[in-house]
Amino acid sequence: MCSATRAAHPLYLSWRSRRPGAALLVPALSSHPALRCEPPASCLQPRVTVMASSESSAVSELCQNGRQVFMDASQLLLTYADNILRSPNEEKYRSIRIGNTAFSTRLLPVPGAVECLFEMGFEEGETHLVFPKKASVEKLKVVRDRIASERDKRLNRSNLTAASATESAQPAPSPNLTLQANSQHVLVYELPELQQKAREHIPVSELNARAQEKLKQARSLEVDTTVNEDDFLTLELLRWFKEQFFVWVDSLPCSKCGGQTQTKESLTPSADDLRWGAQRVENHYCSKCQYANRFPRYNDPGKLLETRRGRCGEWANCFTLCCRALGLEARYVWDSTDHVWTEVFSSSQNRWLHCDPCENTLDKPLLYEVGWGKKLSYIIAFSKEEVVDVTWRYSCKHEEVIARRKDVRESWLRETIAGLNKTRQQSLPEQRKKELLGRLIVEIVEFMSPKTPKPDQEFCFCTH
């Protein structure tokens with residue numbers, strides 16, 4: 001990646017603002033009540049932090065985060081440090097890719113976390129943070145031990161600290177409402193090297209040819225049709241992804257004897273698992289040969305292009321990257337009732353279309369509530385430019401949904417999303433901001449009118 005491209009990349013810009021010695025001005029991320037014990041109203045207030053000169057400033061800032069955020073970030077920091085301490089000559093442990101999913105979702109949004117890496121001795125490279133040969137391993141160990149000490153204190157506490165009690169008293173999001181992590185994760189889809197890797201797996205020419213042929217047929221039937229080639233390309237990409245590329249996994253066949261397996265207790269992630277965002281590793285145990293088959297739940301879309309298997313999380317993650325690789329405007333959609341999918345913007349219809357690769361389904365938004373019987377509450381769409389609460393697109397029972405939305409105050413959710421969007425869009429051209437605002441108005445109008453179920457379209461079930 002050339003310096004000019006790298007400097008303009010949104011993930012890089014977000015990370016640069018967090019460098020030691022520079023003022024921190026990331027309102028939506030650093031003031032989130034899940035990260036700091038502050039009233040939700042502060043989500044829109046800039047928090048300016050100037051790094052102190054003391055040796056422990058980064059660890060001190062890290063410790064100010066909420067307990068769960070600290071525990072998650074500190075675990076990854078200790079993994080990075082311990083890998084170097086155990087194998088100081090292994091080059092793969094001495095660099096962290098900026099686009100790495102674990103880094104971008106578990107460290108980047110957390111005040112003090114990236115600063116700890118710099119304090120350990122990591123330096124900025126073109127596409128990675130690098131622990132150079134000249135860096136002091138002893139200094140790294142000192143910072144590592146400080147983090148471990150603070151982590152042990154929290155693990156050994158039998159009761160919640162006053163800070164934790166204050167945090168739990170705030171109407172902060174439930175653990176599942178991960179606005180910050182998802183907002184950061186979608187930036188990975190914009191990495192040029194990942195998009196290129198995706199195009200190397202996708203039969204681009206074949207899909208384009210099929211889309212052009214379908215468009216030709218549509219125009220022969222209806223001369224003034226408004227659909228365009230991208231609409232058919234989305235359909236062709238869905239079909240290829242479902243039928244030829246990705247595989248659904250309930251239980252893995254035993255890699256040793258080929259027999260059936262059963263899921264048992266989770267296994268400990270390895271350093272390589274964590275490198276690709278697999279914080280959880282399933283144990284698919286074969287009782288026939290007593291072999292534990294490891295199934296890391298990777299969260300890195302580049303890795304998923306290689307493994308090509310998983311459940312809805314892996315499917316939507318990899319499919320959204322494929323959409324972006326083909327130039328389609330796409331959003332990653334997260335549902336708090338444990339499902340994820342994609343939305344693709346149709347320029348011919350001037351609206352966002354529901355797009356579920358697991359079901360090879362396009363524009364059937366009532367599938368989950370009417371077809372599957374889900375009790376929906378929060379559905380949030382994330383892209384490189386915006387975060388939108390799209391719950392209302394997927395429900396025809398708005399009053400029931402409103403009654404279930406008790407995890408956070410509605411005002412808090414609106415303000416937090418507004419803060420995220422303000423930060424994400426601050427560098428966009430005015431024309432693009434106006435375009436996004438126009439689209440949002442169209443969405444709001446759509447949301448105000450609940451849809452009418454169509455039995456022939458909505459009643460379909462999982463066929464994995």
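Atoms considered below: every heavy atom in the structure, side chains included; atoms not considered: hydrogens, waters and symmetry mates.
- Between the side chain of Thr416 and the backbone N or O of Leu413 there is no donor-acceptor pair closer than 3.5 Å.
- Of the possible polar contacts, none joining the Asn317 side chain to the Gly313 backbone as a donor-acceptor pair under 3.5 Å is found.
- Remark: the backbone N or O of Gly310 is paired with a side-chain donor or acceptor of Trp315 at under 3.5 angstrom.
- Under a 3.5 Å cut-off, the side chain of Arg414 and the backbone N or O of Ala418 do not form any donor-acceptor pair.
- At a threshold of 4.0 Å, the pair Glu314-Arg309 does not count as salt-bridged, since none of the basic side-chain nitrogens sits closer than that to a carboxylate oxygen.
- In this structure the side chain of Cys318 reaches within 4.5 angstrom of the side chain of Phe241, judged on heavy atoms.
- In this structure, NZ on Lys451 lies 6.5 Å from CG on Leu366, to the nearest 0.5 angstrom.
- No side-chain heavy atom of Thr361 sits under 4.5 Å from any side-chain heavy atom of Trp341.
- Proximity of the aromatic rings of His339 and Tyr368 is defined here by a centroid distance below 6.0 angstrom, and this criterion is met.
- Side-chain N/O atoms of Gln75 and Arg151 include no donor and acceptor closer than 3.5 Å.
- For the residue pair Asp231/Ser346, the side-chain donor-acceptor check at 3.5 Å is satisfied.
- For Trp240 and Phe245, the ring centers are positioned less than 6.0 Å apart.
- Looking at Thr452 and Cys396, their side chains never come closer than 4.5 Å, going by heavy atoms from C-beta outward.
- For Asp389 and Arg405, the salt-bridge test passes: some basic side-chain N is under 4.0 Å from an acidic carboxylate O.
- Under the 4.0 Å criterion applied to side-chain N and carboxylate O atoms, Arg393 and Glu343 are assigned as salt-bridge partners.
- Asp335 and Thr337 form a side-chain donor-acceptor contact under 3.5 Å, judged by distance and modelled atom types alone.
- Ion pair Glu306/Lys303 flagged as a salt bridge, since at least one NZ, NE, NH1 or NH2 atom sits closer than 4.0 Å to an Asp/Glu carboxylate oxygen.
- Proximity of the aromatic rings of Trp334 and Tyr378 is defined here by a centroid distance below 6.0 angstrom, and this criterion is not met.
- For Pro357 against Leu238, the heavy-atom pair with the smallest separation is CA-CD2, 3.6 Å.
- Between Thr342 and Val333 there is no side-chain heavy-atom pair separated by less than 4.5 Å.
- With sequence neighbours excluded, the residues satisfying ring-ring contact (aromatic ring centres under 6.0 Å, His included) with Phe345 are Trp352.
- Side-chain atoms of His201 come within 3.5 Å of backbone atoms of Lys197 as a donor-acceptor pair (strictly under, hydrogens ignored).
- Using a cutoff of 4.0 Å between basic side-chain nitrogens and carboxylate oxygens, Arg439 and Glu443 are not scored as salt-bridged.
- Judged by distance alone, with hydrogens and angles left aside, the side-chain atoms of Gln195 form a donor-acceptor pair with the main-chain N or O of Tyr189 at under 3.5 Å.
- Side-chain atoms of Asp356 and His354, non-hydrogen and from C-beta on, do get closer than 4.5 Å to each other.
- Donor-acceptor pairing under 3.5 Å is recorded for the side chains of Glu282 and His284.
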### Message
Test side-chain hydrogen bond (donor to acceptor under 3.5 Å, both in side chains) on Thr226 and Ser348; report intermediate values, then the result.
### Response
CA-CA 6 Å; Thr226 59; Ser348 69; 5.1 Å; no

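- Between Leu107 and Leu76, some side-chain heavy-atom pair lies under the 4.5 Å cut-off.
- The list of side chain to side chain donor-acceptor pair (under 3.5 Å) pairs with a residue in residues 205-215, not counting sequence neighbours, reads Arg210-Glu236, Gln212-Glu229, Glu213-Gln217, Lys214-Glu236.
- Screening Arg432, Arg331, Arg424 for a salt bridge (Lys or Arg N to Asp or Glu O under 4.0 Å) involving Glu386 leaves a single residue, Arg331.
- To the nearest 0.5 angstrom, Glu385 atom CD is 7.0 Å from Gln425 atom CD.
- The residues Asp72 and Arg67 are annotated as not salt-bridged, no charged nitrogen and carboxylate oxygen being separated by less than 4.0 angstrom.
- Annotation for Cys312 and Asp338: closest pair SG-O, 4.4 Å, computed over non-hydrogen atoms.
- We find the CG-CD distance between Leu62 and Glu115 to be 9.0 Å, quoted to the nearest 0.5 Å.
- Nearest heavy atoms, Arg94 versus Phe122: O-CE2, 4.1 Å.
- In terms of heavy atoms, Ser383 sits closest to Val186 at O-CG2, 3.4 Å.
- Between the side chain of Ser395 and the backbone N or O of Thr391, no donor-acceptor pair lies under 3.5 Å.
- Side-chain contact annotation: Thr225 with Arg219, donor-acceptor N/O pair under 3.5 Å absent.
- For Trp248 against Cys358, the heavy-atom pair with the smallest separation is CZ3-SG, 3.7 Å.
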